[in-house]
Amino acid sequence: MPIRMPEPDRTIMARSVEIAKALRRLAPGARVIDHPDELRPYECDGLTAYRQPPMLVVLPQTAEEVSRILAWCHAESVKVVPRGSGTSLSGGALPLADCVLLSLARFNRILSIDYEDRLAVVQPGVTNLAVTQAVEHRGFYYAPDPSSQIACSIGGNVAENSGGVHCLKYGLTTNNVLGIELVLMSGEIVRLGGPALDSPGLDLLGLLVGSEGLLGVVTEVTVRILRKPETARALLIGFGTVDAAGACVAAIISRGIIPAGMEMMDRIAIHAAEAFVGAGYPLDVEALLIVELDGPEAECSHLLGEVERIATANGATEIRVSVDEAQRYLFWAGRKAAFPAVGRVSPDYYCMDGTIPRRRLPEVLARISGLSEHYGLAVANVFHAGDGNLHPLILYDASIPGELDKAEAFGADILRLCVEVGGVLTGEHGVGVEKRDLMPEMFSETDLDQQRRVKFAFDPKQLLNPGKVFPTLHRCAELGRIHIHHGAVPFPDLPRF
């Protein structure tokens with residue numbers, strides 16, 4: 001079913017020239033874009049199947065400018081959609097036709113680095129990889145490492161609570177953020193958390209990380225940096241069946257071993273990645289595990305032997321251990337490039353994101369294979385096996401009528417399956433618009449009402465990133481069930497989203 005967004009306010013759109021002039025006056029350091037051709041780059045994010053140019057784009061460069069912009073939009077009831085690098089795969093930065101798209105691209109500086117307290121203060125437009133590059137000469141790094149880390153921004157990582165291949169041992173973004181500066185829709189600037197190990201009061205920082213731009217606009221982030229481990233070694237393990245690889249994952253974790261990262265790819269993904277990167281992956285296997293162990297040399301050597309024994313006991317057909325850093329990076333290069341690599345073997349693909357209990361991995365993969373046959377669409381499986389975060393890539397051709405609809409239906413069934421086996425709708429990509437209407441599969445109406453109340457507390461006029469996360473046919477201002485009698489919705493004149 002096509003994703004529906006809130007109907008645009010034609011009155012607001014008719015004021016676009018006036019709104020652009022007001023924003024230029026309020027924030028003279030900001031750049032305002034309103035020419036139709038220049039708006040095109042902002043019409044979608046990583047979920048490219050859905051496109052909608054915004055009414056206009058504004059690029060502020062200070063928190064004070066963001067404050068003035070939001071305060072004016074709040075007073076004038078103008079919707080605002082925050083945007084980082086636009087790599088979101090759930091439509092989190094999809095604009096509205098009557099919105100001001102607030103780009104944080106000019107917030108691109110690392111403000112300070114404190115090696116003694118092991119933290120860095122950065123602006124939200126700084127890319128994920130840039131943080132590690134700024135501190136690696138001193139033997140430090142930033143742990144969360146999404147596959148898009150060369151492009152995705154820290155602000156977007158905070159919005160989506162992004163993970164990456166090393167989140168199994170070192171945690172998601174929420175475990176590596178110490179504080180943020182936030183601008184509320186009213187224009188107020190607040191600070192949550194900070195350099196201290198813990199902060200008194202309610203954990204509002206935990207609430208904001210992963211809030212998908214619904215509660216405020218982040219203008220500064222304090223992140224934790226870590227010492228690089230003494231040793232890091234990676235194993236490349238091939239299996240004759242996907243089931244055997246899944247069983248090996250469960251066996252490693254049940255043994256009490258927590259790798260720095262543990263990733264899995266199936267045959268389609270292996271062949272695509274090898275053709276793209278030339279990482280030396282074996283092409284005669286059905287599934288490939290990449291397991292990285294880090295820490296002191298003695299610990300790594302011991303755990304390498306343990307993992308090799310577990311893999312052999314679970315039917316591994318090939319085991320390779322990296323001999324140096326260059327080979328370790330090469331092992332990971334194929335996995336990091338898996339998404340663009342699959343793009344070379346299919347005109348289009350739909351990247352899903354759901355999480356399941358690790359012990360259900362073989363069952364879920366078998367059922368995904370059955371769904372693939374049902375829909376007549378191939379699927380490449382690439383995922384964070386260690387924490388059960390699946391990324392099935394559904395292959396389709398958008399030029400064939402009906403194939404996008406089939407791909408979306410297939411994806412929805414995968415997410416329902418994840419919830420059915422005790423998992424969740426998303427692991428790191430967020431809900432956005434992609435999973436919005438599947439939220440009732442996981443949450444009761446009471447659950448969703450409580451989440452809406454939080455949104456309402458921060459943004460009572462519902463102006464910040466509207467149409468995302470919460471299912472359709474609801475108004476946060478009502479916060480109650482809607483009774484539909486004989487197909488007639490009460491108060492039909494009210495816009496509902």
Side-chain angles (χ1 to χ4, degrees), residues 165 168 233-255 257 259 261-293 303-323 327-328 330-339 341-342 345-346 349 352 356-374 377-395 414 417 421:
V165 300
L168 175 61
R233 305 279 294 281
L235 297 94
L236 205 61
I237 310 173
F239 293 88
T241 68
V242 172
D243 282 1
C248 183
V249 169
I252 290 170
I253 298 297
S254 66
R255 190 71 63 87
I257 300 170
M262 185 155 51
E263 302 290 300
M264 182 172 164
M265 294 185 286
D266 68 5
R267 173 176 282 273
I268 295 177
I270 294 165
H271 282 249
E274 178 61 22
F276 190 53
V277 173
Y281 291 167
L283 300 179
D284 58 347
V285 298
E286 293 298 321
L288 190 65
L289 280 184
I290 306 174
V291 182
E292 180 166 294
L293 302 162
L303 292 179
L304 280 169
E306 288 292 301
V307 171
E308 287 192 67
R309 281 189 286 274
I310 293 170
T312 300
N314 282 275
T317 59
E318 182 166 351
I319 301 175
R320 297 185 211 160
V321 180
S322 62
V323 296
Q327 190 174 37
R328 182 175 73 88
L330 190 58
F331 284 178
W332 283 116
R335 167 59 186 92
K336 290 279 189 179
F339 288 6
V342 170
V345 300
S346 175
Y349 67 80
M352 303 307 300
I356 61 169
R358 285 180 292 255
R359 60 186 172 81
R360 306 296 292 268
L361 188 56
E363 171 194 350
V364 169
L365 291 176
R367 291 177 65 178
I368 289 176
S369 179
L371 288 170
S372 175
E373 292 181 15
H374 172 74
L377 296 175
V379 59
N381 285 294
V382 182
F383 49 90
H384 308 307
D387 58 349
N389 185 195
L390 310 182
H391 292 316
L393 306 179
I394 300 170
L395 313 185
I414 291 175
L417 172 59
V421 301

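Bear in mind that the values here come from a model prediction, so they are computed numbers and not experimental data. Computation of the quantities below employed the complete heavy-atom set of this structure, encompassing side-chain atoms and omitting hydrogens, waters and symmetry-equivalent molecules.
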Next on the checklist: Using the side-chain contact (heavy atoms from CB on, under 4.5 Å) definition, which of the options Ile270, Val382, Leu365 pairs with Met264?
Outcome noted: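 Among Ile270, Val382, Leu365, the one that satisfies the side-chain contact (heavy atoms from CB on, under 4.5 Å) with Met264 is Leu365.
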Item to check | Residue pair Glu263 / Trp332, side-chain donor-acceptor N/O under 3.5 Å | outcome: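 Judged by distance alone, the side chains do not pair up.
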With rounding to the nearest 0.5 Å, note down the distance linking [atom1] in [X] to [atom2] in [Y].
X	Y	atom1	atom2	answer
Leu236	Arg335	CG	CZ	13.5 Å
Leu395	Tyr349	CG	OH	9.5 Å
Met262	Leu235	CE	CG	11.0 Å
Ile356	Leu390	CD1	CG	4.5 Å
His271	Glu274	NE2	CD	9.0 Å

Checklist entry - Restricting to pairs with a member in residues 280-290, which pass side-chain hydrogen bond (donor to acceptor under 3.5 Å, both in side chains), not counting sequence neighbours? => result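 Sorted pair list: Arg267-Glu286.
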Checklist entry - Quick one: are Pro259 and Ile252 in side-chain contact, heavy atoms under 4.5 Å? => result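 Yes; the side chains approach each other to less than 4.5 Å.
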Checklist entry - With a 4.5 Å limit on heavy-atom distance, are the side chains of Ile257 and Leu293 in contact? => result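 Side chain of Ile257 against side chain of Leu293, heavy atoms only: contact under 4.5 Å found.
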Tell me every residue that passes side-chain contact (heavy atoms from CB on, under 4.5 Å) with [X], counting only those two or more places apart in sequence or in another chain.
X	value
Ala275	none
Leu417	Val364, Arg367, Ile368, Glu420, Val421
Ser322	Arg233, Ala234, Gln327, Arg328, Phe331
Thr312	Ile319

Partner set under side-chain hydrogen bond (donor to acceptor under 3.5 Å, both in side chains) for [X], not counting sequence neighbours:
X	value
Arg358	none
Glu308	none
Asn389	Asp353, Thr355

